Amino acid sequence: MTDTVVAPLSALPLLAELPALAPELVLLVTAVCLMLGDLFYPRERVFQQWLTAAGAAVALALTLSMNFSGGAAAFGGMFRADGLAAAFKAVCLAALGLTALMSEAFCRHASMRQGEYYSLMAFSTLGMCVMISAGDAIVLYLGLELMALPIYALVALRTADPRSSEAAIKYFLMGSFASALLLFGLSILYGLTGQTDIAEMARHLAVSLSVADMHTLPAAVMALGLVLAGLGFKVAAVPFHVWAPDVYEGAPTTVTAFMSVAAKTASFAVLGRVLLQGLPQLSPLWSDALAGLAVLTMLLGNIAALAQTSLKRMLAYSAIAHAGYALLGLAACTPEGLRATAAYLTIYLCMNVGAFAVITYLAARSGRGRLGEGPDAGENLDDYRGLAARSPLLAAVMLVFLFSLTGIPPTAGFMGKFMLFRAAFAAGYQITVVVAVICSTISAWYYLGVAKRMYMQDSQDDAPETSCAITGEKGVQAVLAVCLAGAVLWGIFPQSLLFWINVYF
């Protein structure tokens with residue numbers, strides 16, 4: 001009988017690779033603790049909220065500190081904790097923390113089970129972080145599904161509202177189809193290169209294209225189109241946007257805020273990594289394709305938003321338009337363009353989550369729509385009539401977010417658009433930039449239309465209540481303060497944001 005030899009702990013390759021996954025492990029532990037906490041202490045709702053926020057904060061700190069130490073790669077390059085991952089993961093983790101802080105009030109209002117709510121958000125953010133750091137197509141797809149499946153459940157979590165179930169079904173069916181397109185595109189790339197590693201795909205594809213293989217280029221172009229279609233759905237780019245208005249309107253407001261920023265940011269990070277690191281040989285093709293998608297996305301998003309009477313639906317079309325602006329940075333196909341996209345998504349976090357926090361605040365204070373009998377307070381544009389008279393401070397905060405979304409100086413939204421337009425202009429897309437400026441001008445009509453209702457129209461008889469106290473109010477107020485600071489200070493002192501972005505790229 002032979003003795004079994006056990007390798008010393010330091011020699012186990014798995015444990016040696018784990019430090020690169022420290023932020024993801026924190027999110028995993030947080031999500032598991034949230035599930036167990038809901039099982040054993042179902043009434044400790046505030047604890048669940050703060051545990052989620054604390055887990056996001058710790059994961060964010062680990063993400064930033066890891067990149068300052070030079071980054072890391074794990075599992076043979078399948079997982080990359082590099083600068084690109086750190087910048088985009090920071091936005092997703094911040095979105096998780098901010099959404100958790102403003103969720104207590106809305107979850108009570110909507111009678112949603114908070115244990116499942118917070119754990120699903122944590123698992124979804126874990127998927128986002130995995131797909132952002134993916135250096136391998138298999139890991140990328142696993143992260144994508146880990147991100148998407150919890151969001152499908154989150155959208156349907158408000159069982160008392162039939163709009164929520166309808167939105168979840170639409171999102172699931174269309175999202176599954178988009179995931180299949182992406183997987184088909186990645187499988188074609190694997191067939192062409194024999195590799196799932198994204199960097200190795202680029203090297204093998206370069207060799208195949210250099211020998212003028214008559215079959216490689218058409219197949220590579222087909223794979224590129226499928227990848228753009230699959231990820232175009234995730235960022236809500238035209239013509240893959242049709243799910244966004246119904247899903248944004250039907251989902252619980254806090255879920256809409258979370259997915260509009262975090263899921264979009266993760267998808268842009270994956271799009272940038274796949275195109276810039278995996279398909280650089282096809283950059284003349286995908287750069288022009290992204291520019292064309294950006295034009296269509298900006299035009300349709302802004303024009304369709306003009307006709308909306310629901311603020312959530314208007315912000316859905318606004319999100320489509322902002323996806324078009326962000327695509328300009330990737331279309332530039334330069335490090336400056338990628339930095340501009342990362343900076344813009346960071347700014348978008350503040351102004352968009354801030355706008356949804358105002359909607360959440362009004363919904364929780366009013367109580368209208370609590371049982372799913374109709375839209376919550378704050379969802380319809382007419383709910384903002386006379387808001388400046390009822391709550392001057394809340395109206396002023398909302399006005400700043402609207403100015404930033406429009407791109408009016410000196411707010412951060414102006415600086416974000418300026419960086420994107422400059423990168424696209426330098427890359428030769430001058431006409432595209434002109435279209436983007438025209439679209440920004442169009443957006444002023446519907447954004448400032450909300451401001452007009454707040455300051456220049458009288459309140460309706462059924463205007464939302466703004467004076468009664470609510471549980472979880474401090475969390476919403478903290479989110480409003482953080483988002484307001486970002487929307488103002490990064491507009492006045494943009495160098496602070498640029499310095500942070502330049503550290504990672």
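Being a predicted model, the structure only gives us computed values, none of them experimental. Positions are given from 1 along the sequence.
Remark: side-chain polar atoms of Arg273 are paired, donor with acceptor, to backbone N or O of Ile132 under 3.5 angstrom.
The side chain to side chain contact (heavy atoms under 4.5 Å, CB included) search around Ala199 returns Arg80, Asp197, Arg203, not counting sequence neighbours. In this structure Ala257 satisfies the side chain to side chain contact (heavy atoms under 4.5 Å, CB included) test together with Met102, Phe356, sequence neighbours excluded. Remark: Phe401 engages no residue in a ring-ring contact (aromatic ring centres under 6.0 Å, His included) (not counting sequence neighbours). Under the side chain to side chain contact (heavy atoms under 4.5 Å, CB included) criterion, Tyr190 pairs with Thr196, not counting sequence neighbours. For Pro494, the side chain to side chain contact (heavy atoms under 4.5 Å, CB included) partners are Met415, not counting sequence neighbours. Judged as a salt bridge (Lys or Arg N to Asp or Glu O under 4.0 Å), and not counting sequence neighbours, Lys417 has no contacts. For Asp246, the salt bridge (Lys or Arg N to Asp or Glu O under 4.0 Å) partners at least two apart in sequence or on another chain are Lys170, Arg313.
A tilted orientation is assigned to the rings of His322 and Tyr447, their planes being inclined by 30° to 60°.
Under the ring-ring contact (aromatic ring centres under 6.0 Å, His included) criterion, no residue pair touches residues 403-432, with sequence neighbours excluded. Residue pairs meeting the ring-ring contact (aromatic ring centres under 6.0 Å, His included) criterion with at least one member in residues 249-296, sequence neighbours excluded, do not occur. A side chain to side chain donor-acceptor pair (under 3.5 Å) check over residues 256-265, counting only residues at least two apart or in different chains, returns the pairs Ser260-Asn352. Among pairs with a residue in residues 137-149, those fulfilling side chain to side chain donor-acceptor pair (under 3.5 Å) read Glu145-Ser179, at least two apart in sequence or across chains.
The number of heavy-atom neighbours closer than 6.0 Å to OH of Tyr455, taken from other residues, nucleotides and ligands shown, is above 12. Counted within 6.0 Å of OH on Tyr152, heavy atoms from surrounding residues, nucleotides or ligands total more than 12; the atom is thus considered enclosed.
The shortest non-hydrogen separation linking Leu282 to Leu217 is CD2-CD1, 4.1 Å. Considering every non-hydrogen atom in both Cys129 and Lys89, the closest pair reads CB-CD, 3.5 Å. When all heavy atoms are compared, the tightest approach of Gly272 to Leu330 is CA-CD2, 4.1 Å. Of all the heavy atoms in Ser267 and Lys234, the pair that sits closest is OG-CB, 3.0 Å. Here the shortest heavy-atom pairing between Leu98 and Val479 reads O-CG2, 3.2 Å. Nearest heavy-atom pair, Ala266 versus Cys92, reported as atom, atom and distance to 0.1 Å: N-SG, 4.0 Å.
Residues Leu394 and Leu480 meet the side-chain proximity criterion, which asks for heavy atoms closer than 4.5 Å. Using a 4.5 Å heavy-atom cutoff, the side chains of Leu96 and Thr52 are in contact. Residues Met351 and Leu402 fail the side-chain proximity criterion, which asks for heavy atoms closer than 4.5 Å. In this structure, the side chains of Leu228 and Leu275 come closer than 4.5 Å at one or more pairs of heavy atoms. At a threshold of 4.5 Å between non-hydrogen side-chain atoms, the residues Val261 and Val91 count as touching. The shortest distance between side-chain heavy atoms of Met454 and Arg385 does not fall below 4.5 Å. No side-chain heavy atom of Val235 sits under 4.5 Å from any side-chain heavy atom of Phe240. By the 4.5 Å heavy-atom criterion applied to side chains, Tyr171 and Met259 are counted as neighbours.
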Please set out all donor-acceptor pairs under 3.5 angstrom arising from side-chain atoms of residues 289-307, sequence neighbours excluded.
{"unit_1": "Thr297", "atom_1": "OG1", "unit_2": "Val238", "atom_2": "N", "d": "3.0"}
{"unit_1": "Thr297", "atom_1": "OG1", "unit_2": "Leu293", "atom_2": "O", "d": "2.6"}
{"unit_1": "Asn302", "atom_1": "OD1", "unit_2": "Tyr446", "atom_2": "OH", "d": "2.6"}
{"unit_1": "Asn302", "atom_1": "ND2", "unit_2": "Met298", "atom_2": "O", "d": "2.9"}
{"unit_1": "Asn302", "atom_1": "ND2", "unit_2": "Tyr325", "atom_2": "OH", "d": "3.3"}

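Atom-to-atom distance recorded for Thr253:OG1 and Tyr248:OH is 13.0 Å, nearest 0.5 angstrom.
Salt bridge annotation for Glu336-Arg339: present, with a cationic side-chain nitrogen under 4.0 angstrom from a carboxylate oxygen.
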